[in-house]
Asks: 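One structure follows; several queries about it will come next.
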2 protein chains.
Amino acid sequence: MSIEISDAEYQIMLAIWESSPVNAKDVIARLDSDWHPKTVNTLLGRLVKKEALAYMKDGRSYLYTPLIEKNSYIKSKSQHFLQKLFNGKLSPLVANFVDQDLVEKDDIEALKKLIDDWESSNNPDGAKGKNSDTNNAEANTNASHSNNK
Amino acid sequence: MSIEISDAEYQIMLAIWESSPVNAKDVIARLDSDWHPKTVNTLLGRLVKKEALAYMKDGRSYLYTPLIEKNSYIKSKSQHFLQKLFNGKLSPLVANFVDQDLVEKDDIEALKKLIDDWESSNNPDGAKGKNSDTNNAEANTNASHSNNK
DNA sequence: ATAGTAGGATTACATGTGTAATATTAAATA
DNA sequence: TATTTAATATTACACATGTAATCCTACTAT
């Protein structure tokens with residue numbers, strides 16, 4: 001259904017999402033220069049053909065504009081990924097990361113906030129459950145953790 | 001550098017991870033039958049060539065055994081995915097799912113528990129318990145028929 | 001005006017992937 | 001034993017992908 005964007009193409013899209021419209025030269029400049037210009041050119045062409053990018057003439061070159069939003073793309077990808085590897089369930093994925101020590105203090109804080117938000121919107125009647133205090137309890141502890149990867 | 005397993009191949013791996021060693025016939029049986037046997041055959045061959053599977057003769061046919069663990073594979077995939085789409089940060093991904101209403105009550109409960117666990121092991125001040133490891137990812141496990149012998 | 005050049009268009013080419021069909025062979029059966 | 005057949009091995013084939021090289025043409029500098 002949705003447009004399929006390969007890994008290499010995705011890098012190009014990222015450069016274009018940064019700001020657009022943008023011409024090939026600038027896209028190349030944004031890409032940390034391990035990209036051969038000809039390769040970028042090919043990829044731009046493919047993205048246009050796939051209708052992931054629109055392009056319009058600008059003097060001797062073209063200006064490219066994304067036809068798909070970064071957010072929608074990421075959302076759809078995330079969903080597919082979670083479906084494929086975790087049967088659509090979020091918590092096993094998170095468990096996985098915790099297990100690998102890939103979670104940092106600020107992730108935890110952000111997660112708490114997300115949980116809180118979720119509970120407020122899915123449980124508007126006030127019954128907030130045990131999370132309400134957890135939220136404040138750890139308010140701002142300075143991180144002193146050591147995460148090595 | 002890890003072995004690359006395609007989407008179709010992954011489905012085969014799932015069937016084999018269910019229990020092994022297993023012969024082609026049983027793998028086919030486990031796959032919800034939209035798979036042509038010949039296709040499965042090809043994929044098994046490719047997986048053997050990639051050294052994702054070992055095989056040993058068993059009478060007229062072969063028995064296949066995974067050479068890579070489901071958990072390791074999932075972990076490595078998850079990491080790549082998160083790196084590519086979310087710069088390695090977990091919370092934006094979760095935010096994404098919350099945003100899409102793809103999070104359910106039990107996810108929230110699981111998340112809370114994970115947070116607790118993380119805090120116990122990374123922030124011993126608040127000493128709750130102190131188990132170091134979280135549980136593993138338990139993903140796609142949808143058994144259908146089982147022909148065991 | 002001519003030649004060099006910046007840029008896009010076209011072509012290339014070796015894998016990888018999905019999806020099988022065909023060929024071969026060893027085992028089961030008549 | 002001769003034949004059918006279940007299983008594997010080999011071959012096929014179009015499209016995707018990474019990675020460019022070459023071709024063509026309008027523009028620029030002499």
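Lettering of chains follows the sequences in order, A, B, ..., and the numbering in each one begins at 1. All figures in this text were calculated on a predicted structure; none of them were measured in a lab.
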Asks: Is there a side-chain polar atom (N or O) of K25(A) under 4.0 Å from OP1 or OP2 of dA6(C)?
Replies: no
Asks: Grab the CD-C1' distance between E9(A) and dC15(D) for me, whole Å please.
Replies: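 Taking atom C1' of dC15(D) as the reference, CD of E9(A) is at 13 Å.
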Asks: Nearest whole angstrom, please: distance from the C1' of dC15(D) to the CD1 of I5(A).
Replies: 18 Å
Asks: Say whether, by atom type as modelled, one donor and one acceptor occur between the side chain of K75(B) and the main chain of N96(A) under 3.5 angstrom.
Replies: no
Asks: What integer distance in Å separates N23(B):CG from dT8(D):P?
Replies: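 The answer, rounded to whole Å, is 7 Å.
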Asks: Determine whether a donor-acceptor pair (N or O, by modelled atom type, separation under 3.5 Å) exists between the side chain of K70(B) and the backbone of L14(B).
Replies: no
Asks: Is any side-chain heavy atom of K84(B) closer than 4.5 Å to one of K77(A)?
Replies: no
Asks: With I12(A), which of I5(A), I28(A), L43(A) fulfils side-chain contact (heavy atoms from CB on, under 4.5 Å)?
Replies: L43(A)
Asks: So, OP1 or OP2 of dG8(C): does either fall under 4.0 Å of a side-chain N or O from Y55(A)?
Replies: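 Checking Y55(A) against dG8(C): no side-chain N or O falls below 4.0 Å of OP1 or OP2.
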Asks: dA6(D), OP1 or OP2 - any side-chain N/O from S61(B) closer than 4.0 Å?
Replies: no
Asks: Expressed in angstrom and rounded to an integer, what is the separation of M56(A) atom CE from dG8(C) atom P?
Replies: 14 Å
Asks: On DNA chain D, check which nucleotide each of A24(B) and W35(A) is closest to and give me the residue with the more 5' one.
Replies: A24(B)
Asks: Could you give the CG-to-P distance, from D26(A) to dG8(C), as a whole number of Å?
Replies: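 Going from D26(A) (CG) to dG8(C) (P), I get 11 Å.
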Asks: Within the pair R60(B) and dA28(C), is there a side-chain N or O less than 4.0 Å away from OP1 or OP2?
Replies: yes
Asks: Do the charged groups of D26(A) and R30(A) touch, with an N to O distance under 4.0 Å?
Replies: no
Asks: Nearest 0.5 angstrom please: L114(A) CG to W118(A) CH2, how far?
Replies: 12.5 Å
Asks: In whole angstrom, what separates D58(B)'s CG from dA6(D)'s P?
Replies: 17 Å
Asks: Name every residue in residues 36-51 of chain B that has at least one heavy atom under 4.0 Å from any atom of DNA chain D, in order of residue number, or write none if there are no such residues.
Replies: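 DNA chain D contact set from residues 36-51 of chain B: K38(B), N41(B), R46(B).
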Asks: Has N23(A) got a side-chain atom pairing as donor or acceptor with K25(A)'s backbone, closer than 3.5 angstrom?
Replies: yes
Asks: Rounded to whole angstroms, how far apart are CD1 on I28(B) and P on dA20(C)?
Replies: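 Rounded to the whole Å, the gap is 12 Å.
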Asks: How many Å lie between OH on Y62(B) and P on dA6(D), as a whole number?
Replies: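 Atom OH in Y62(B) sits about 18 Å away from atom P in dA6(D).
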